[in-house]
Number of protein chains: 2
Amino acid sequence: MATNKQFHHGGLKLALLRAARDLLDEEGESGVGVRAVARRVGVSHAAPVNHFKDRRALLTALTAELIDDIRVDIENRLKTVSEDPVTRIETIANVFIDYGAHHPNRYSLLWRYDVVDHESEMMRSKSDIIYDFICDEIDKLTTGRNIDRDTIAIGLWSMLHGYIDLKIVGMFEDRADSVTGEDRPRALVKMFRTVLDNYGL
Amino acid sequence: MATNKQFHHGGLKLALLRAARDLLDEEGESGVGVRAVARRVGVSHAAPVNHFKDRRALLTALTAELIDDIRVDIENRLKTVSEDPVTRIETIANVFIDYGAHHPNRYSLLWRYDVVDHESEMMRSKSDIIYDFICDEIDKLTTGRNIDRDTIAIGLWSMLHGYIDLKIVGMFEDRADSVTGEDRPRALVKMFRTVLDNYGL
DNA sequence: TATAGATATTGACGCTGTCAATTATAATAA
DNA sequence: TTATTATAATTGACAGCGTCAATATCTATA
């Protein structure tokens, strides 16, 4: 008979993660503290230790959740799209670019190797997931040909990540732009399209 | 008659910045604290406030120094190289890639908008410097032609930054590699070369 | 109903950044 | 020379943080 309230919480762990995510959105990584999260949930400052041994563990669990969200997003969008690998790559790229634009603090956290434990059991399988999506499609294009799969994939993945990251930092803000801001990502994807063309893909 | 020792230090400001840089290399951004820096220089915990009003100000000043170093590096390397814009772009890229590989903590700090004040007087002129180097060369290639300068520059700059950043995070570590690690950057630069070719540059 | 295990609280510790008050030094004016 | 002023460093305090140990509380099981 699952009572979903024990004495102060049904699932404190879930509540903590939800609070952590909200704090991340509002204040950035530095705002996601053990005490701050506990405070927001309305629980004592040391309560989280039962579910996350560390601030590091908390941030790592949060990051794992975020990555899962992105994975689901990509999977859903890919279902609505043709089997053409290039189209699918563009789809993946767009999901990712949108994610970075709408949730800059979440995106930045994903790559903070100093506060997130990418070697943990929870993360080891996850941190490469988005990259793997890209590789899958590149594979379809390159199988049977004498082309280095990784060079293409790393090139695309690097450009994608770099663009999102630099945009979050504010690099491209006051730059004279003959291409409007919204079309810029598309221009980059199209640019990479020419790379594939060049390799005969 | 400039006595270079006042009562405890000649140039405490410089010494603090030097200590900050060392701590950054050894422990990463989180290791660069006001108190830790003061401790290393051998001065009281509140001494730095006279020269840097904040931890933020300290990190910002350090970042400004690092960017200056890179600028000097690039300028020097460009002197030893032909006037061919593509060659010069490759040179810039290589300097930057090497910097990221040898000083990962320094490179990461450059883009930490949460702890570095990129809007400060000191930074406003500096944070675009490396990007400007690239733009200068792209300009030489695109002037007179109906090609969007920024799309090319942003694409290259994004790929460059993204690759360095992802490499620091450890993304490409255990990945099957038909291209050896050292040749990877060159492969990417060459890949971008094909982009330029495609635009007829 | 008693016991055991999980879960939350309380209080303490050392660390941090920051500020105010104080002391020490250096440069300048009388 | 001595007195004055501005600069620079010290000391001590404060609240916040992460973490740990000891304690209290609730849940489930025997």
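As the structure is a computational prediction, the values presented were derived from the model and not from experiment. Below, chain A is the first sequence line, B the second, and so on; all start at residue 1.
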task = Round to a whole Å and report the spacing from CG of B:Asp114 to P of C:dG17.
result = 15 Å
ask   = B:Leu23 has an atom CG; how far is it from atom P of C:dG17, in whole Å?
value = 11 Å
ask   = Between atom CG in B:Leu58 and atom C1' in C:dT16, what is the gap in whole Å?
value = 14 Å
query = Taking only residues at least two apart or on different chains, which pairs with a member in residues 36-48 of chain B satisfy salt bridge (charged side-chain N to carboxylate O under 4.0 Å, His left out)?
reply = B:Glu26-B:Arg40
ask   = Which atom names give the shortest non-hydrogen contact between A:Asp84 and A:Thr87, and what distance separates them?
value = OD2-OG1, 2.6 Å
Nucleotide D:dC17, atom P - distance to CZ of A:Arg40 in whole Å = 13 Å
ask   = What is the distance from CG of B:Leu16 to C1' of C:dG17, rounded to the nearest Å?
value = 15 Å
ask   = Do A:Arg18 and A:Leu14 have side-chain heavy atoms sitting under 4.5 Å apart?
value = no
For residues 58-67 of chain A, run the donor-acceptor check on the side chains, cut-off 3.5 Å, and write out each pair with its distance to 0.1 Å, sequence neighbours left out.
unit_1: A:Thr60; atom_1: OG1; unit_2: A:Arg56; atom_2: O; d: 2.7
unit_1: A:Thr60; atom_1: OG1; unit_2: A:Asp117; atom_2: N; d: 3.0
unit_1: A:Thr63; atom_1: OG1; unit_2: A:Leu59; atom_2: O; d: 2.8
unit_1: A:Glu65; atom_1: OE1; unit_2: A:Arg21; atom_2: NH2; d: 2.7

ask   = Does anything in residues 61-102 of chain A pair up under ring-ring contact (aromatic ring centres under 6.0 Å, His included), and if so which pairs, sequence neighbours excluded?
value = A:Phe96-A:Tyr107, A:Phe96-A:Trp157, A:Tyr99-A:His103
Check nucleotides 11-16 of chain D against the protein and report each pair of N or O atoms closer than 3.5 Å, with its distance, or say if there are none.
unit_1: D:dG12; atom_1: O6; unit_2: B:His45; atom_2: NE2; d: 2.8

ask   = Tell me: CZ of B:Phe52 to P of C:dG17, nearest whole Å?
value = 14 Å
task = Provide, to the nearest angstrom, the distance between the NE2 atom belonging to B:His51 and the P atom belonging to D:dT7.
result = 12 Å
key: Contact list for residues 41-63 of chain A, test ring-ring contact (aromatic ring centres under 6.0 Å, His included), sequence neighbours left out   = none
ask   = What residue pairs, at least two apart or across chains, pass salt bridge (charged side-chain N to carboxylate O under 4.0 Å, His left out) with a residue in residues 88-111 of chain B?
value = B:Asp25-B:Arg106, B:Glu83-B:Arg88, B:Arg88-B:Glu137
Upstream residue (5' side of DNA chain D) when A:Ala36 and A:Val49 are each assigned their closest nucleotide = A:Ala36
key: Proximal nucleotide (of C:dT18, D:dA9, C:dA8) relative to the B:Arg55 side chain   = C:dT18
ask   = Nearest nucleotide by nearest heavy atom, which residue falls closer to the 5' end of DNA chain C, A:Asn50 or B:Val32?
value = A:Asn50
ask   = Between B:Leu59 (CG) and C:dG17 (C1'), how many Å, whole number?
value = 12 Å
